Colleague: 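Please read through the structure below; I'll follow up with questions.
As the structure lists them, so they are numbered: ligands from 1, and atoms in each ligand from 1. Given the structure is predicted, the values throughout are model-derived calculations rather than measurements.
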Amino acid sequence: MSRLTRAVAPPHVVNIDDLRRLARRRLPAAVFDYLDGGAEGEVTLRENCRAFETVTFRPRNAVAVPHCDFRARVLGAELSFPAILAPVGYSRLMHPDGERAAARGAGRAGTAYILSTISGHKLEDVKASSSGPVWYQLYLVGGREAAEAAIERARLAGFSALFVTIDTGTAGMRERDVRNGTGELMSGDIRAMIPHLSQFLAHPKWLTAFLLDGGIHKLPNIVIPGHGPMSLISVAAALADSVVTWRDFQWLRVMWPGPIVVKGVLTGDDARRAIDVGAAGVVVSNHGGRQLDGVSATLRALPEVVKAVDGRAEVLMDGGVRRGSDIVKAICLGARAVLVGRAYAYGLAAAGEVGVARALAILRADLERTMKLLGCISLADLDASYLDAPPGWPR
Ligand SMILES: Cc1cc2nc3c(=O)[nH]c(=O)nc-3n(C[C@H](O)[C@H](O)[C@H](O)COP(=O)(O)O)c2cc1C
């Protein structure tokens, strides 16, 4: 067993929160808080997790479940279990192998990886790293021409679905990032950086790996005509100039021949609009509580969206998934599968691909145990009758 594998094995790591603890230890505060934090008062960030706790199980006991069927068909791909790796921008900051390691871990676990537009590695290299399905998440930062070039590259590289994120009309206010001087640290202005540099000296292993990797890279998948790849520092301003609107989907449908999924739906109305513009799926998502603080937990929003979609598109959800039992609850309320963001990113930060593999193994083992204890042999049999939701929840 390698040193890294031992570091993420029991008794050191038993659940996702243990991986979070390791990530916190390994990363400088500015990087950990970028990964861990949410917008403003972080109300929605907390609510996403709390909502899973307010919904309880109604098991069917004295039922033998010798083996469960966890396979899920999502966007035409057969996944070994219903958890997909969500797009996490600039994962290369958490670990030099970043997006490539995450894609490799997903493929080895038999599931899909969604690559963010804000990637530190070339999309072709990320696709080549995975033996499983890889999907592309699109922002319009850099404008339509840059997006068209990325979409064409993604199609040629073999990405098989496009996730268009609609909840990022401007960057959320992440107060932790302001306190840590994240903007100043990315500015390249030494005088502005100096007051914030000590946090890096306290994490020499991360710092060495970061410097050996060449520091912060330009974004190789956002190539601005006449200017070349965009820098990371320009992204926040570019987001405000590049809001995706429903009208853009007409153009996207021409550009992208495969399935398009709308990520960031929280209401039945937006779900219906997504279907009207031709979406094959929606992700019930509040961006992990990183954008508009004060929106409802995604588990709470899920039933309304499922009802509005009424089987016309695939419904995925993300936000707050930290245990396999959370996956089961989301499926009981109508999700076909979930996306996990921080759960695998903590693993990536803690131990690279080994940490991603450990995060996915934890979720999978949890899922199997939960199904057995619920007395349910197949994901297809899960429904709201296995849950008790507080009064007032849509059923
Ligand atoms: C550090 C970080 C970066 C993210 N970057 C993106 C991104 O580039 N594009 C996107 O659509 N969502 C992004 N998200 C949101 C995730 O795709 C996902 O919606 C969210 O993490 C789910 O919540 P969870 O972290 O509680 O699982 C990011 C999330 C985190 C934590």
Colleague: Look at the rings of Phe200 and Trp206 and say which category their plane angle falls in: under 30° parallel, 30 to 60° tilted, over 60° perpendicular.
Modeller: tilted
Colleague: Distance under 4.0 Å to a non-hydrogen atom of Thr165: what atoms of ligand 1 satisfy this?
Modeller: 10 (C), 11 (O)
Colleague: Ignoring hydrogens and angles, state whether a donor on the side chain of Ser231 or Ser234 is under 3.5 Å from an acceptor on the partner side chain.
Modeller: yes
Colleague: Please work out which of Cys49, Gly320, Gly288, Ser116 has its closest non-hydrogen atom nearest to atom 26 (O) of ligand 1.
Modeller: Gly320
Colleague: Any idea which protein heavy atom is nearest atom 28 (C) of ligand 1, and the distance to it?
Modeller: Pro87 O, 3.6 Å
Colleague: Kindly write out the residues that satisfy ring-ring contact (aromatic ring centres under 6.0 Å, His included) with Phe159, not counting sequence neighbours, or none if the list is empty.
Modeller: Tyr136
Colleague: Using a strict 4.0 Å cut-off to heavy atoms of Gly319, name the atoms of ligand 1 that fall inside it.
Modeller: 22 (C), 23 (O), 26 (O)
Colleague: Output yes when Glu47 and Arg300 qualify as a salt bridge under the 4.0 Å nitrogen-oxygen rule, no when they do not.
Modeller: no
Colleague: Which distance, rounded to the nearest 0.5 Å, do you find between the CG of Leu85 and the CG of Leu348?
Modeller: 9.5 Å
Colleague: List the closest protein heavy-atom neighbour of atom 1 (C) of ligand 1: residue, atom name, distance to the nearest 0.1 Å.
Modeller: Arg290 NH2, 3.3 Å
Colleague: Taking the basic N atoms (NZ, or NE/NH1/NH2) and the acidic carboxylate oxygens, is any pair closer than 4.0 Å for Lys307 and Glu304?
Modeller: no
Colleague: Would you indicate whether Arg71, at its atom CZ, is surrounded by more than 12 heavy atoms from other residues, nucleotides or ligands within a distance under 6.0 Å?
Modeller: no
Colleague: Classify the contact between Tyr139 and ligand 1 as side chain, backbone, both or neither, using a heavy-atom distance cut-off of under 4.0 Å.
Modeller: side chain
Colleague: Among Ala349, Gly264, Gly341, which one has a heavy atom closest to atom 21 (O) of ligand 1?
Modeller: Gly341
Colleague: Below 4.0 angstrom from a heavy atom of Lys263, which ligand 1 atoms are there? Numbered from 1 as shown, please.
Modeller: 10 (C), 11 (O), 12 (N), 15 (C), 16 (C), 17 (O), 18 (C), 19 (O)
Colleague: In terms of side-chain geometry, is the basic nitrogen of Asp125 or Lys122 positioned less than 4.0 Å from the acidic oxygen of its partner?
Modeller: no
Colleague: Heavy-atom contacts with Arg322 under 4.0 Å: which atoms of ligand 1 show up? List them by number with element.
Modeller: 24 (P), 26 (O), 27 (O)
Colleague: Donor-acceptor pairs are to be reported for all side-chain atoms of residues 361-370 against protein atoms at under 3.5 Å, with residues two or more places apart or in another chain.
Modeller:
{"residue": "Arg364", "atom": "NH1", "partner": "Ser80", "partner atom": "O", "Å": "3.4"}
{"residue": "Arg364", "atom": "NH1", "partner": "Ser80", "partner atom": "OG", "Å": "3.4"}
{"residue": "Asp366", "atom": "OD1", "partner": "Arg369", "partner atom": "NH1", "Å": "3.4"}
{"residue": "Asp366", "atom": "OD1", "partner": "Arg369", "partner atom": "NH2", "Å": "3.2"}
{"residue": "Asp366", "atom": "OD2", "partner": "Gly324", "partner atom": "N", "Å": "3.0"}
{"residue": "Thr370", "atom": "OG1", "partner": "Asp366", "partner atom": "O", "Å": "2.7"}

Colleague: Check each atom of ligand 1 against the heavy atoms of Ser285 and keep those under 4.0 Å away; list them by number with element.
Modeller: 19 (O)
Colleague: Ignoring hydrogens and angles, tell me if any N or O in the side chain of Gln291 forms a donor-acceptor pair with the backbone of His287 under 3.5 Å.
Modeller: no
Colleague: Should you measure from each heavy atom of Asp318, which atoms of ligand 1 turn up under 4.0 Å away?
Modeller: 18 (C), 19 (O), 22 (C)
Colleague: Examine the proximity of ligand 1 to Val88 and report which part, side chain or backbone, both or neither, has a heavy atom under 4.0 Å away.
Modeller: both
Colleague: Looking at Leu35, which atoms of ligand 1 are within less than 4.0 Å of one of its heavy atoms?
Modeller: 1 (C), 31 (C)
Colleague: Any idea which protein heavy atom is nearest atom 5 (N) of ligand 1, and the distance to it?
Modeller: Gly89 N, 2.8 Å
Colleague: Below a 4.0 angstrom heavy-atom separation, can you tell me which part of Arg342, side chain or backbone, both or neither, approaches ligand 1?
Modeller: both
